[in-house]
Structures are given as C-alpha cells and as structure tokens.
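One structure below.
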Amino acid sequence: MNKNAILIELKEKQIELSKRINAIGSDFKKGRSQDFAEQATESENDQVLDGIRHEANLELQQVNAAITRLENDSYGICSRCDNPISSERLNALPYVQTCINCAQ
C-alpha cells in the first residue's frame, strides 16, 4: 500500500472516530428522564457510552500518531525495536506502533 492510500485510510478513520465521539457527546447533553427507574437505566447506558467514548479517543490518538509517523517517514517502523512492522499487521491495524513480537 502506498503512502497516499495509507494517509487516506487513516484520515477516513480519523473522521469516523471523531463523528462517533461527537455523537456520544451529543447524547450526554440530552436531558434525562424524570422517572427514577428510567434514570437508573440511563446511568448504566451512560457508563457504557463513556467506555466506548474512551476507547474511541484512544484509537483516535493512535490514528493521529500514525499520521504523524507517516508524515515523518517513520511509519511502519516498530516504536520499540526499530524493526519493520509486517505489511499484514499494518493492513489489519494501520495505526499500530509495534511489530507483532514487541506487542506480545
């Protein structure tokens, strides 16, 4: 995969994650029910959504870091051992920072 294709894929992922994070934020801004039982359910849902938002934020940080590595010509190099990351691994997770050996 060439540098431009990777950049396009990462930018698309960046947009997708930003939309997801914004949608969750919008949901949190909505008013809550006056019914006590419904509030308990909404509270549980909020905890799940907060977890999803947290994971999306972490993934977005990884995508942003991958874009920076791509721009600095260090994309595809393991951040721990400086060996190349396999193309199979990068195809599966284009924002990964470590080779499979260092990830284990």
Side-chain angles (χ1 to χ4, degrees):
M1 193 181 278
N2 69 37
K3 186 175 179 176
N4 287 333
I6 295 167
L7 184 59
I8 290 169
E9 183 178 351
L10 289 170
K11 291 285 188 177
E12 288 172 352
K13 187 68 170 175
Q14 189 180 48
I15 291 167
E16 173 195 328
L17 289 166
S18 294
K19 285 180 181 179
R20 185 181 311 159
I21 292 165
N22 290 335
I24 292 169
S26 294
D27 189 59
F28 279 129
K29 290 178 184 176
K30 291 179 183 175
R32 296 299 177 218
S33 173
Q34 296 297 324
D35 181 271
F36 181 74
E38 187 65 28
Q39 287 177 359
T41 301
E42 288 173 347
S43 178
E44 289 175 8
N45 290 342
D46 286 351
Q47 290 175 5
V48 171
L49 283 176
D50 194 44
I52 293 170
R53 179 173 58 176
H54 178 72
E55 291 300 317
N57 276 314
L58 290 176
E59 191 173 359
L60 181 59
Q61 289 173 6
Q62 292 174 330
V63 168
N64 290 337
I67 290 170
T68 300
R69 287 192 309 278
L70 195 61
E71 292 168 347
N72 295 336
D73 294 324
S74 59
Y75 181 81
I77 305 298
C78 179
S79 64
R80 291 193 186 156
C81 70
D82 291 329
N83 287 323
I85 300 171
S86 71
S87 58
E88 293 85 9
R89 183 161 167 76
L90 289 170
N91 286 334
L93 293 169
Y95 48 83
V96 72
Q97 298 182 44
T98 57
C99 68
I100 192 70
N101 292 331
C102 290
Q104 296 175 348

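To the nearest 0.5 Å, atom CG of residue Asn83 and atom CD1 of residue Ile100 are 13.5 Å apart. Taken from NE2 in His54 to CG in Leu49, the straight-line distance is 14.5 Å, to the nearest 0.5 Å. Taking CG of Asn4 as the reference point, atom NZ of Lys11 lies at 12.0 Å (rounded to 0.5 Å). How far CD1 of Ile52 is from CG of Asn57: 12.5 Å, rounded to the nearest 0.5 Å. To the nearest 0.5 Å, atom CG of residue Leu70 and atom NZ of residue Lys3 are 5.5 Å apart. The CD1 atom of Ile24 sits 14.5 Å away from the NZ atom of Lys19 when rounded to the nearest 0.5 Å.
Linking ILVMFWY side-chain heavy atoms closer than 4.5 Å, directly or via other members, places Ile8 and Ile15 in two distinct hydrophobic clusters.
The only member of Gln62, Glu59, Lys13 that meets side chain to side chain donor-acceptor pair (under 3.5 Å) when paired with Tyr95 is Glu59.
Between Arg53 and Gly25 the shortest heavy-atom distance is NH1-CA, 4.4 Å. Across all non-hydrogen atoms, the minimal contact from Ala56 to Ile21 is CB-CG1, 3.7 Å.
Annotation: side chain of Leu7 is in contact with side chain of Ile67 (closest heavy-atom distance under 4.5 Å). You'll find the side chain of Arg89 reaches within 4.5 Å of the side chain of Thr98, heavy atoms only.
For Arg80 (side chain) and Cys99 (main-chain N/O), no donor-acceptor pair under 3.5 Å exists by modelled atom type. Asn72 contributes no side-chain N or O that, together with a main-chain N or O of Ser74, makes up a donor-acceptor pair within less than 3.5 Å.
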